[in-house]
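Below is one structure; the comments refer to it alone.
We number each residue from 1, following the sequence as shown. Since we're looking at a predicted model, the values are computed, not measured. For the numbers below, each heavy atom of this structure counts, side chains included, while hydrogens, waters and symmetry mates do not.
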Amino acid sequence: MNRGTLLAGALLLGLCTCVRAQDCNLSVSGKMLDEHGREELAFASVYAVESGEGVQADADGRFELTARCPGPLTLRFSHIGCDPKVVTFDLRQDTSFNVYLHHHDNYTETVTVTSTGAGVAYEERLDREADQQLGLVLERITGVSSLRTGTAANKPVFEGLYGNRLSIQNNGVPQAGQQWGNDHAPEIDPWVAAYVRVVKGVDALRYAGSTLGPTVLIEPAPLTERTSPGGKVAYGLHSNGWGHTLNARLTDTAFVAYRLSGSLKMSGDRRAPDYYLTNTGQREGDFALQAAKFISPKLTARGYYSLFNAEIGVLRGSHVGNLSDLQEAIGRERPFYTESGFSYDFASPRQRVSHHLLKGELIFTPTDRTSYTVQYGGQLDNRKEFDVRRGDDGQAALKLLQYSHLLEAGHQRKLGAFRSLEAGVQLENVDNTNQPGTGILPLIPDYLANRVGGYLTFHHKPEKFRYHFGLRLDHQFYEALTISRDLPRRVVRYRHHYNTLGASAGASLRVNSRLSGESEITFRQRAPQINELYSQGLHQGVSGIEEGDRSLVPEQSLKGSLDLSYGSRNGALSVSGGLFYQRVDNFINLEPGQEFRLTVRGAFPVFTYRGVDAELWGGQLAVLAHVADFDLESGLAVVQGYNRSDGLPLVYMPPLNWRSALTYTLTNDLTLSATALVVARQDRIEPQQDILPPPPGYALIGTGLAKTLTLGGNPLNLELEVENLLDQAYRDYLDRQRYFADAPGRSINFRISYSW
């Protein structure tokens with residue numbers, strides 16, 4: 001090799017080195033904000049997947065990665081209390097952009113760093129389940145179970161609390177209706193919800209409504225100045241009940257940004273493994289309109305309207321005509337009135353409900369440190385329940401019309417780099433009226449309810465040690481007009497005034513970028529609700545007679561909790577767990593008795609509201625893992641409740657349950673999944689505490705296959721799913737219709753959706 005060749009080689013090597021050094025001097029920078037663009041996400045994490053390197057944002061949410069080479073770049077953005085986001089792009093020059101994460105600090109589902117659902121965003125995963133009832137969707141949150149009334153309704157249970165103790169916020173407005181009933185599911189279309197969360201502790205103090213601590217938030221995807229026009233059409237088919245669901249959505253950003261959503265649902269008789277559940281069909285039509293006008297950089301106006309309209313059949317075999325038949329029906333292997341074939345038709349007993357919600361909101365942000373919010377929420381709930389009657393003339397046995405109004409003003413202020421203050425006042429009014437013409441004494445009296453409340457919270461959020469505390473005060477007034485139960489009938493008027501207090505304080509320690517812990521203590525009082533004070537008669541949907549007690553006093557709760565979260569540096573593993581203990585004085589408990597009562601409407605078991613001193617304890621453990629092409633999501637929850645007044649366990653506490661889902665990515669657009677739900681037998685109940693002993697535990701297995709195609713440059717999603725794959729016969733302890741029938745069996749579900 002001559003000297004010239006050596007010199008040329010040296011020059012080429014040097015040139016390549018110089019080019020490589022120059023090419024790898026690119027940078028990526030930006031700022032991380034919450035989805036509404038109002039809060040910087042301090043000390044958030046940015047992880048470069050290809051190189052395995054990561055950086056941390058500063059106190060203002062700003063980040064920068066230097067010495068990047070040209071080519072494909074995948075960045076995973078995460079922050080404690082946020083849904084993570086993955087961004088992939090082709091890096092060709094210095095790049096700067098903002099990243100927006102859905103922020104839900106202090107939620108029970110706090111994800112530090114994770115790869116969720118095989119790269120599927122939380123909103124999209126919820127969308128895939130929206131053809132189910134909202135209560136079943138909520139069960140995906142670790143620690144949440146469902147109090148069921150057969151196939152008719154599902155209500156969330158969190159850490160042993162449900163009904164009036166677990167407030168549900170529909171787009172920031174406390175859901176108002178006849179939500180006191182175990183058979184009255186939230187009148188919310190899951191297709192509208194983009195985020196479903198449970199918040200507790202200090203942050204729960206800001207929400208109005210009856211609660212003993214935790215609050216369920218149902219949130220649509222926010223409309224922002226970054227929202228792009230688009231739409232989606234989705235259809236779902238369930239073989240069990242031959243249910244059909246159709247949803248269409250349209251988003252546009254013309255003079256105002258808006259999103260339209262409409263849903264139609266229809267199903268017939270569900271089927272247990274060995275027989276049809278006669279009269280369990282359902283029809284539903286829902287509509288929602290969401291709008292936002294960005295008047296100026298400082299002023300935004302938002303509006304929202306939703307209509308929920310449904311007619312629901314109640315299992316015919318749960319309504320019988322006399323005491324001897326009732327005693328035979330309870331625990332019967334096959335319910336009475338079971339038909340041999342499938343039908344879309346259903347008759348009495350049935351329910352019909354129409355729910356309207358209208359919300360208006362103004363947000364004024366004069367500076368980047370101060371914001372003011374004024375909000376109005378109005379709701380109209382019209383519920384009718386139809387019993388089995390001789391010579392049924394189609395006349396409702398219960399007709400309730402309820403108007404509710406909420407007016408709220410809030411203020412947020414940043415007091416420095418890490419401190420913030422939030423305060424607000426709320427006025428609520430509810431007017432509930434029984435409509436005439438039923439021919440039956442009403443279960444719930446006419447009443448007027450007014451509540452005035454205010455809250456104040458303080459947050460201090462540096463990188464390592466954070467703390468926050470808050471205070472809430474409420475005054476509740478009731479005026480109830482009841483009809484006497486003795487003769488001669490007369491109208492009796494009662495008035496109640498209750499003052500309640502809520503206070504909470506908590507602290508969290510971020511040991512490093514991967515490990516954090518949080519502890520909180522909360523004191524809450526909850527005034528008794530009208531149904532707990534004055535229920536008197538047949539509660540048709542749960543096939544039982546309920547009796548209230550007007551001498552009940554407010555519940556008083558003291559709760560402590562400890563939570564730990566760990567997230568691996570590369571986002572492949574996230575583990576979170578928590579323990580809690582809650583002591584409640586005057587815990588208002590709906591207790592089943594051993595009495596069966598014969599009425600002109602049939603024979604039914606009797607349930608009574610009673611105040612006892614109670615304590616609850618338990619915990620949850622959630623694991624999210626990504627290994628190669630596998631994604632694992634697993635959650636374990638246990639709750640125990642004890643009636644200290646009687647020295648007995650509390651009834652209707654969720655048994656130990658474990659839920660897991662494993663997803664395998666076959667290709668970029670094809671995934672295979674398997675699910676498992678294991679529910680133990682509730683063995684902490686004495687025989688005299690319930691009409692029937694708790695049913696055995698059970699395990700359900702499911703599987704699914706999802707494929708994404710491209711049509712016209714847009715995604716077409718196909719999914720095939722099998723629930724209860726082994727067609728197992730079982731009865732759930734938290735299902736009030738377990739006394740009469742098995743739960744539904746196998747269902748093969750098909751879903752298709754197209755987005756643009």
| query | Between Q175 and N170, is a side-chain hydrogen bond (donor to acceptor under 3.5 Å, both in side chains) present by the stated rule, with each step listed? | reply | CA-CA 6 Å; Q175 182 74 9; N170 184 359; 3.3 Å; yes

| said: Would you say that K200 contacts E159 through its side chain, given a criterion of any heavy-atom pair below 4.5 Å between the two side chains? | reply: yes

| request: If the plane angle is over 60° it's perpendicular, under 30° parallel, otherwise tilted; pick one for Y467 and F458. | output: tilted

| note | Hits for side-chain contact (heavy atoms from CB on, under 4.5 Å) against A417, two or more places apart or cross-chain, chain-then-number order -> none

| CG-CG distance between L217 and N171, expressed to the nearest 0.5 angstrom | 10.5 Å

| said: Whether E532 and R526 form a salt bridge (side-chain N of Lys/Arg under 4.0 Å from carboxylate O of Asp/Glu) is what I want to check. | reply: yes

| If you measure from CD on Q529 to CG on N164, what distance do you get to the nearest 0.5 Å? | 4.5 Å

| Ion pair present between E463 and R510, side-chain N to carboxylate O less than 4.0 angstrom? | no

| field | Short N-O contact, E219 and R197, less than 4.0 angstrom | value | no

| Taking atom CG of D629 and atom OH of Y664, what is their separation to the nearest 0.5 Å? | 5.0 Å

| query | Would R684 and Q640 satisfy side-chain hydrogen bond (donor to acceptor under 3.5 Å, both in side chains), going step by step from the backbone distance to the final call? | reply | CA-CA 8 Å; R684 287 182 52 81; Q640 302 286 350; 2.4 Å; yes

| message | Side chains of T522 and S504: any donor to acceptor distance under 3.5 Å? | response | yes

| query | Salt bridge or not for R165 and E555, using N-O below 4.0 Å? | reply | yes

| query | Do you know the tightest heavy-atom contact between A729 and D742? | reply | CB-OD2, 3.9 Å

| said: Less than 6.0 angstrom separating the ring centers of F63 and F77, yes or no? | reply: yes

| field | Beyond-backbone contact of L650 with N589, side-chain heavy atoms, under 4.5 angstrom | value | yes

| said: Please find the pair of heavy atoms, one from R466 and one from K461, that lie closest to each other, and give the distance. | reply: CG-CA, 3.7 Å

| said: Assess whether a salt bridge exists between E422 and R206, defined as any Lys/Arg side-chain N lying under 4.0 Å from an Asp/Glu carboxylate O. | reply: yes

| request: Taking all non-hydrogen atoms of both residues into account, name the closest pair between K464 and V511 and its distance. | output: NZ-O, 3.4 Å

| request: Over all heavy atoms of both residues, which pair between T675 and A661 is shortest? Give the atoms and the distance, please. | output: CG2-CB, 4.0 Å

| Does CH2 in W617 sit with more than 12 non-hydrogen atoms of other residues, nucleotides or ligands closer than 6.0 Å? | yes

| query | Between A699 and V678, which heavy-atom pair has the shortest distance, and what is it? | reply | CB-CG2, 4.1 Å

| For the student: nearest non-hydrogen atoms of Y733 and R738, plus distance | O-NE, 3.2 Å

